Novice: 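Would you mind keeping the following structure in view while I ask a few things?
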Amino acid sequence: AAPTRVFAFRDARWAPDPVLEPSAAVRSPQPVPLVIDNGSFQTRAGWACPDPSVPAEPLLRFRSLAARSRGARGGAGAETQVGNDLGSPEPLRWLLRSPFDRNVPVQLELQELLLDHVFQRLGVSSQGCVDHPIVLTEAVCNPLYSRQMMSELLFECYQVPKVSYGVDSLYSFYHNRRQNWPCSGLVISSGYQCTHILPVLEGRLDAKNCKRINLGGCQAAVYLQRLLQLKYPGHFAAITLSRMEEILHEHSYIAQDYIEELQKWRCPEYYEDNVHKMQLPFSNKLLGSTVASEEKQEKRQQQLRRLQELNARRREEKLQLDQERLDRLLYVQELLEDGQMDQFHKALVELNMDSAEELQSYINKLSLSVEQTKQKILQSEVNIEVDVVDSKPETPDLDPLGSEQSLEDVESINEFEPLFAEEQPEVEKPVAAVQPVFNLAEYHQLFLGTERIRAPEIVFQPSLIGEDQAGIAETMQYVLERYSKEQQAILVQNVFLTGGNTMYPGLKARIQKELLEMRPFQSSFQVSLASSPVLDAWYGARDWAVEHMNREEGWISRKDYEEKGGEYLKEHCASNVYVPIRLPKQAPRAAEAPSRASGTGNPGEQT
């Protein structure tokens with residue numbers, strides 16, 4: 001028999017990032033570069049220091065998300081949480097904000113929050129500025145406006161001495177170079193929002209032939225969520241995006257032949273051997289509880305006693321208040337009987353009364369109310385000694401002066417009424433235990449069959465989710481056809497896969513199969529996967545920063561920013577290609593004046 005493949009969701013909560021104390025090596029003899037992999041899914045930050053005492057790995061890793069709670073009414077006490085401080089994204093899903101549109105940062109206010117979090121948690125304690133050089137990743141063919149806003153934020157807000165921009169996938173390619181640099185290759189980078197096909201010739205990006213597919217891990221998670229919510233409408237709320245990402249990371253794979261794999265899943269034996277069952281959290285308590293009738297009756301009597309004691313206490317408070325009011329009115333009536341008319345009229349004005357008849361009417365009503373309350377108190381003291389099962393607590397009468405307290409009594413009783421309305425006494429008969437008609441644990445299981453291959457398949461077949469785009473194989477063939485046969489042979493000898501969305505089992509074999517179909521007969525190619533597809537971008541940026549720490553190549557200084565603008569970029573082996581803004585030249589107005597004068601022949605019109 002096949003082993004039972006039941007997996008529980010981890011639903012891991014994010015631990016808040018601690019405030020780290022930087023080593024002395026990052027400050028002396030000069031401030032070392034700070035490397036930030038600014039990804040749309042996750043931000044990673046750490047130091048580029050050759051000293052062995054400083055860890056050569058990212059010290060911070062957190063989701064590129066921020067949430068601002070509304071706080072108290074009126075906007076007071078609003079709190080902003082960033083990254084791992086959120087704990088879990090699902091309770092705050094509707095409040096989450098990201099600075100990215102696809103993979104391009106456009107919300108610089110949110111980007112500033114992420115950078116503040118990085119500098120604070122890494123212990124950058126400079127007063128009013130960050131005196132460390134910054135190595136920052138950016139999108140492929142990043143728009144000039146986005147780079148301009150980022151440079152303005154770094155130089156104007158944080159006063160950084162210099163900054164360098166590079167492409168994350170090219171940094172990963174630089175870190176995993178297998179031969180002498182510079183080398184050529186075809187980089188396939190698939191991340192959270194986008195997938196890129198990047199040709200690299202002699203160590204430099206050929207930006208004119210880069211292609212982007214607007215699909216990544218985010219779209220796969222949304223597609224998987226939609227599939228499972230349609231399959232299990234009873235668990236609609238439990239099928240969250242966080243759980244879908246967990247399924248993609250741990251239970252999905254790429255089919256080498258999608259149609260053939262679907263045919264395999266039609267076989268019951270193959271389905272039973274390969275289905276993954278995801279266990280949703282559930283409670284063992286059934287709706288029909290198997291509690292004995294005696295226990296229910298005892299519980300009902302205890303609730304009644306507590307309610308009677310509560311009503312008795314409120315009646316005593318009401319009796320005391322009414323008695324004080326009655327004593328006050330009787331005192332005013334004695335003033336009238338003693339002939340102290342001035343004091344009597346002054347007391348009537350304080351009581352908001354007009355005549356002695358109105359005073360007497362209130363005295364009679366209060367006296368009647370006091371007597372009724374005393375009788376109810378005596379009656380409740382008698383009833384509290386008797387186990388009353390089938391009776392409801394009585395509603396106290398409302399009187400004109402004590403209406404506020406009486407309404408409170410009614411509201412308190414109405415709150416407890418549902419407890420007794422559902423539990424009416426029945427005819428004495430044995431109560432049989434309620435047996436479940438189905439396995440409750442199995443009812444809360446998600447069976448993952450073809451969904452394991454359907455969600456990640458969208459990067460090869462975007463039409464599955466209605467996207468009018470080409471997949472990885474078609475885009476890769478289109479890019480290769482733009483080169484000569486000699487260049488194609490060079491590129492396919494180093495097809496490099498990187499990015500978090502390339503970690504599916506079977507992706508490398510699928511790329512090899514697609515290349516085998518599109519390349520000529522008996523031609524050779526080689527496909528390699530990054531040693532760490534998620535972190536190699538940061539490692540490559542650190543390698544570059546350590547090697548170029550004391551060079552001018554690739555660094556944008558503050559002087560360059562002030563002279564050439566925020567969109568300026570110094571190119572290096574892992575950077576974009578800088579394309580400056582070219583404004584159209586306007587004809588000088590001084591040359592237009594003579595032509596206007598010569599074109600008017602009538603001197604009277606000129607006058």
Side-chain angles (χ1 to χ4, degrees), residues 17-39 42-62 64 83 111 114-126 129-138 142 147 150-151 153-155 158-177 181-182 203 498 530-558 560-561 569-576:
D17 296 316
V19 178
L20 303 175
E21 187 67 28
S23 172
V26 305
R27 301 286 304 171
S28 61
Q30 60 181 358
V32 300
L34 176 58
V35 180
I36 302 175
D37 182 9
N38 193 32
Q42 194 178 57
T43 300
R44 308 166 192 92
W47 301 106
C49 183
D51 193 290
S53 63
V54 179
E57 60 184 14
L59 301 178
L60 283 182
R61 294 177 61 185
F62 59 90
S64 302
Q111 183 65 59
L114 299 185
L115 293 177
D116 286 343
H117 184 78
V118 168
F119 297 143
Q120 178 188 4
R121 299 308 167 95
L122 286 181
V124 179
S125 58
S126 304
C129 69
V130 176
D131 55 355
H132 293 270
I134 303 294
V135 178
L136 191 69
T137 60
E138 64 177 8
N142 192 33
R147 186 185 301 130
M150 186 66 73
S151 296
L153 177 64
L154 292 173
F155 284 109
Y158 295 107
Q159 306 291 324
V160 298
K162 56 183 179 179
V163 66
S164 177
Y165 296 107
V167 180
D168 50 0
S169 51
L170 296 183
Y171 278 133
S172 179
F173 185 63
Y174 181 78
H175 178 70
N176 288 272
R177 57 190 184 277
W181 189 265
T498 185
S531 57
S532 177
V534 174
L535 296 179
D536 275 356
W538 188 92
Y539 290 136
R542 180 192 176 275
D543 294 344
W544 183 91
V546 171
E547 294 174 9
H548 295 76
M549 188 181 303
N550 298 318
R551 304 184 196 174
E552 293 297 327
E553 177 189 356
W555 293 102
I556 305 170
S557 64
R558 184 173 184 84
D560 295 331
Y561 164 74
L569 173 69
K570 274 192 177 180
E571 297 182 11
H572 55 87
C573 60
S575 72
N576 280 308

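Only a predicted model underlies this, so the values are computations on that prediction, with no experimental measurement involved.
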Novice: Does the S23 side chain pair with the main chain of V26, one donor and one acceptor, at a distance under 3.5 Å?
Specialist: no
Novice: Tell me, please, which residues at least two apart from W538 pass ring pair (Phe, Tyr, Trp, His ring centres under 6.0 Å).
Specialist: none
Novice: Could you state the interatomic distance from OG (S151) to CD1 (I134), rounded to the nearest 0.5 Å?
Specialist: 12.0 Å
Novice: Can you see which heavy atom on V130 is nearest to which on P161, and at what distance?
Specialist: O-CD, 3.5 Å
Novice: Do the rings of H117 and F62 sit parallel, tilted or perpendicular, given the 30° and 60° boundaries?
Specialist: perpendicular
Novice: In the structure I gave you, are the side-chain heavy atoms of K570 and S164 within less than 4.5 Å of one another anywhere?
Specialist: no
Novice: What distance separates L115 CG from L136 CG, expressed to the nearest 0.5 Å?
Specialist: 7.0 Å
Novice: Out of the candidates D168, D536, D37, only one should pair with R44 under the salt bridge (charged side-chain N to carboxylate O under 4.0 Å, His left out) rule; please name it.
Specialist: D37
Novice: Restricting to side-chain hydrogen bond (donor to acceptor under 3.5 Å, both in side chains), what partner residues turn up for T498, sequence neighbours left out?
Specialist: S172
Novice: Dump the intermediate steps for side chain to side chain contact (heavy atoms under 4.5 Å, CB included) on N550 and Q30, then the final yes or no.
Specialist: CA-CA 10 Å; N550 298 318; Q30 60 181 358; 2.8 Å; yes
Novice: Do the rings of W47 and H132 sit parallel, tilted or perpendicular, given the 30° and 60° boundaries?
Specialist: tilted
Novice: How many angstroms lie between atom CD of E138 and atom CZ of R147, to the nearest 0.5 angstrom?
Specialist: 4.5 Å
Novice: Output yes when a side-chain donor or acceptor of R558 lies under 3.5 Å from a complementary backbone atom of F155, and no otherwise.
Specialist: yes
Novice: Report, one line per pair, each donor and acceptor closer than 3.5 Å where one atom sits in a side chain of residues 50-59; sequence neighbours left out.
Specialist:
unit_1: D51; atom_1: OD1; unit_2: S53; atom_2: N; d: 2.8
unit_1: D51; atom_1: OD1; unit_2: S53; atom_2: OG; d: 2.5

Novice: Sequence neighbours left out, what passes ring pair (Phe, Tyr, Trp, His ring centres under 6.0 Å) with Y165? Give chain and number order.
Specialist: none
Novice: With side chains defined as the heavy atoms from C-beta onward, is the minimum distance between V163 and M150 less than 4.5 Å?
Specialist: no
Novice: Testing the basics here: between L34 and G46, what is the closest heavy-atom pair and its distance to 0.1 Å?
Specialist: CD1-O, 3.2 Å
Novice: For the OG atom of S531 and the CG atom of N176, what is their distance to the nearest 0.5 Å?
Specialist: 4.0 Å
Novice: I need the N142 CG to T137 OG1 distance, nearest 0.5 Å.
Specialist: 10.0 Å
Novice: With sequence neighbours excluded, what pairs up with R542 under the salt bridge (charged side-chain N to carboxylate O under 4.0 Å, His left out) test?
Specialist: none
Novice: Does any non-hydrogen side-chain atom of L60 lie less than 4.5 Å from one of T43?
Specialist: no
Novice: Grab the two heavy atoms, one from A545 and one from V135, that are nearest each other, plus how far apart they are.
Specialist: CB-CG2, 3.8 Å
Novice: Run the side-chain contact (heavy atoms from CB on, under 4.5 Å) test against D543 and tell me which residues pass, sequence neighbours left out.
Specialist: Y174, H175
Novice: Looking at every non-hydrogen atom in both residues, tell me the closest pair between C129 and Q159 and how far apart they are.
Specialist: CB-CB, 3.4 Å
Novice: Restricting to non-hydrogen atoms, name the atom on M549 and the atom on A48 that form the minimum distance, rounded to 0.1 Å.
Specialist: CE-O, 3.4 Å
Novice: To the nearest 0.5 angstrom, please state how far the CD atom of E547 sits from the CD atom of E553.
Specialist: 10.5 Å
